[in-house]
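Input: a single structure, listed below in structure tokens.
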2 protein chains.
Amino acid sequence: MTATVTVEVGLGDRAYDILIGPGLIARSGAEIARRLPGVRTAIVTDRNVAAAHLDSLTEGLAAGGIESVPIVLAPGEKTKSFDALQEVVDGVLSARLERGDAVVALGGGVIGDLAGFAAGIVRRGMNFVQMPTSLLAQVDSSVGGKTGINSSRGKNLVGVFHQPRVVLADTGVLDTLPEREFRAGYAEVAKYGLIDRPEFFAWLEKNWREVFAGGAARTEAIAQSCRAKAEVVARDEFETGDRALLNLGHTFGHALEAATGYDSARLVHGEGVAIGMALAHRFSARLNLASPDDAARVEAHLAAVDLPWRMADIAGPLPDAERLLGYIAQDKKVSRGALTFILTRGIGQSFIARDVPASEVLSFLRENHPG
Amino acid sequence: MTATVTVEVGLGDRAYDILIGPGLIARSGAEIARRLPGVRTAIVTDRNVAAAHLDSLTEGLAAGGIESVPIVLAPGEKTKSFDALQEVVDGVLSARLERGDAVVALGGGVIGDLAGFAAGIVRRGMNFVQMPTSLLAQVDSSVGGKTGINSSRGKNLVGVFHQPRVVLADTGVLDTLPEREFRAGYAEVAKYGLIDRPEFFAWLEKNWREVFAGGAARTEAIAQSCRAKAEVVARDEFETGDRALLNLGHTFGHALEAATGYDSARLVHGEGVAIGMALAHRFSARLNLASPDDAARVEAHLAAVDLPWRMADIAGPLPDAERLLGYIAQDKKVSRGALTFILTRGIGQSFIARDVPASEVLSFLRENHPG
């Protein structure tokens, strides 16, 4: 059993700790009561996660003297909706929780985003605790305070910035995660190396087998990822600048998710990000910003861990290059009509490129289209 | 024609101006474009206000080069709902507005609260402009950044703090306001005097006829009210302390609104606040905190302007004292089970009283109950 690692997110009077390690569900009551004495809670989760962990969490909270009311939702991306938001809000109000009480999110990104949004709007902002149960949520969505739901116009278009008071990332729950889901989360781990931590990427190239196996290397990879994200978020909490770097791989990735109709049998978010990161490096090489060797290195690592890295790795037909460009232009990271991309000058040297010409993107998509 | 008065709300990087005076709808385009160059807008309003002012606003915005898309809702408190929120959010997204664009609220408190909430959550926060068309909204809800909707559990239980970029309070629109609605708004004007501005209350006792008649005295009363509210909000933006003073009269008032089933034929919000303020002063006298002369002075002024000031002024039967206390305990300003009231030591000397014994409130309600 490895020790718990603490990562501090430095956001002034909204600063909080991320605790990473095994056994945190069992210790949740003590950790939360220490930070929010006298708090009462509503646990927001989905049926799948509830079956595996709700009893342990309820006991863990009770061991610290914390009452909890469960709000159990349907699993899946469809739960990031206005209807589910209203269900959570009503549940929290029915439990008669007050502003000083807490909403606890137990689940992956969908649950964290939804529960955090509810916590941000009930009584104009209640306390919020993240207990992420997927690798993706532990290294990405549970850090940084972005919450939200989807709209018919696109994903994550509605939400608030609402920081948690503490994040408890129990690495023990990852042992029961399906292999494909863990691997998809790993794409976001690799992303932090590619953004601005070349040594971390090199470390992953050497140690990824240990990260997949669990134990100290996994805790270390998660802690490094949280540290990397926390640093970017502390610089730019409300995404007016640098925070956009966290979207490395996401512009191409979101377009591919949309192009495959968000069909998780074909592509899940982390896989889209993996292909998106490989494309961002290859596109940067094509624009003579980076060496093709760096793009090749990214592709090789993603292939080594068995992640998809090119459009041809997606099963079934894709829309043509023109339509893919349409999906990119619809993405929310379009500022006043100009295309914004995260590009790179090499491993760990990514940057925000505004005014990328659509014609260059289109040519690149044509050259790399498998159809 | 009186000149425009500007009140600055000092909230650091969220600071903004409130412009007060006639003709501001016609000048809206210039005033908004100066502060938000290149902005596009969605105008959120209700059918009644749209019939009176939507065309002038659309022209006023166009004169400043600002495009607008109208989103017209049903009038009335029922519009502060999840359904209407979703309608506004979808409308803003359909208009393809981006983060730097603006939602413009044209209407009373319902429209301002709803539109501000939508602006606070679309793309995790867009620009927001308040154009209040009722006296109540001009002196209260359009200042301070509280937004929200009602829930089946109570009013304003769901929302966010989201400050406007500018407030344009066109005093010309008040000329067409029904007398009863103007008078109800006046209760909130008098409230600012009673909170901490005894000279303002004395000025109102002398000049209320001119305030009701319109012109410079009305603009001055609105500006004083906005200044008073802005000062409290600047001290305590997120209502962790002093801001609760703004609830003077609201604990009794909300209970009476709930007790009359929010039936506007019997009691509208400002009337509930008027009775609530009188009761708060009378209750303070009963607790030997203030002189009964001050309570009598408040009652006399409310009676002079023809506002209700005692429970007996409400048409129809009221629930008994025990049930009224139940409504008070349900009010959201209950902190961990203790009853919190805004009480006073005299005119303009209100303060936050925590742990007010329920037994004292009950005896007081029994003594003052008309039934």
Side-chain angles (χ1 to χ4, degrees), chain A residues 13-14 38-40 81-101 113 116-126 144-154 156-162 237-240 243 329-330 332-338, chain B residues 13-14 38-40 81-101 113 116-126 144-154 156-162 237-240 243 329-330 332-338:
Chain A
D13 59 1
R14 288 183 301 287
V39 78
R40 296 170 59 227
S81 67
F82 257 106
D83 285 350
L85 178 68
Q86 190 169 357
E87 191 179 338
V88 175
V89 163
D90 288 345
V92 171
L93 288 170
S94 301
R96 294 187 168 268
L97 298 194
E98 299 175 11
R99 256 197 204 173
D101 292 326
D113 285 2
F117 190 11
I121 64 176
V122 173
R123 298 174 190 279
R124 298 197 186 89
M126 296 178 52
K146 274 196 185 180
T147 74
I149 57 175
N150 302 327
S151 125
S152 55
R153 300 266 150 192
N156 298 316
L157 288 179
V158 188
V160 292
F161 288 95
H162 190 60
E237 184 175 0
F238 300 111
E239 197 168 20
T240 53
R243 186 163 175 163
Q330 266 176 41
K332 69 184 163 167
K333 282 173 292 298
V334 176
S335 176
R336 309 229 165 194
Chain B
D13 59 0
R14 289 183 301 287
V39 77
R40 297 169 60 227
S81 67
F82 256 106
D83 284 351
L85 178 69
Q86 190 169 359
E87 191 180 337
V88 175
V89 163
D90 287 346
V92 171
L93 288 171
S94 301
R96 294 188 170 270
L97 298 193
E98 299 175 9
R99 257 197 203 175
D101 292 327
D113 286 2
F117 191 10
I121 64 175
V122 173
R123 299 176 190 277
R124 298 198 186 88
M126 296 178 53
K146 274 196 184 179
T147 75
I149 57 175
N150 301 327
S151 124
S152 56
R153 301 264 150 194
N156 298 316
L157 288 179
V158 188
V160 292
F161 289 94
H162 190 60
E237 184 175 1
F238 300 111
E239 196 168 21
T240 53
R243 186 164 177 161
Q330 264 176 42
K332 69 185 162 167
K333 282 172 292 300
V334 176
S335 175
R336 309 227 167 194

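In what follows, every chain begins at residue 1, and chains take the letters A, B, ... in the order their sequences are listed. As a basis for the values below, the full set of heavy atoms in this structure was taken, side chains included, without hydrogen atoms, waters or symmetry mates.
- Of the atoms belonging to B:S94, heavy atoms from both backbone and side chain fall under 4.5 Å from chain A.
- For B:F238, the part sitting under 4.5 Å from any heavy atom of chain A is the backbone (N, CA, C, O) and nothing else.
- Smallest separation of non-hydrogen atoms from B:T147 and A:R124: O-NE, 2.8 Å.
- Remark: A:L85 CG to B:I121 CD1 distance equals 7.5 Å, nearest 0.5 Å.
- Residues passing the ring-ring contact (aromatic ring centres under 6.0 Å, His included) test with A:F82, sequence neighbours excluded: none.
- Both the backbone and the side chain of B:V160 come within less than 4.5 Å of a heavy atom of chain A.
- A 4.5 Å side-chain heavy-atom check between A:V89 and B:L157 finds every atom pair outside the cut-off.
- Contact count against chain A (heavy-atom pairs under 4.5 Å) is highest for B:G159 among B:S152, B:G159, B:G148.
- Annotation: salt bridge (Lys or Arg N to Asp or Glu O under 4.0 Å) contacts of A:E87 (sequence neighbours excluded): none.
- Across B:R153, B:H162, B:R96, the residue that shares the most heavy-atom pairs under 4.5 angstrom with chain A is B:R153.
- Annotation: the span from B:E239 atom CD to A:R99 atom CZ amounts to 5.0 Å, rounded to 0.5 Å.
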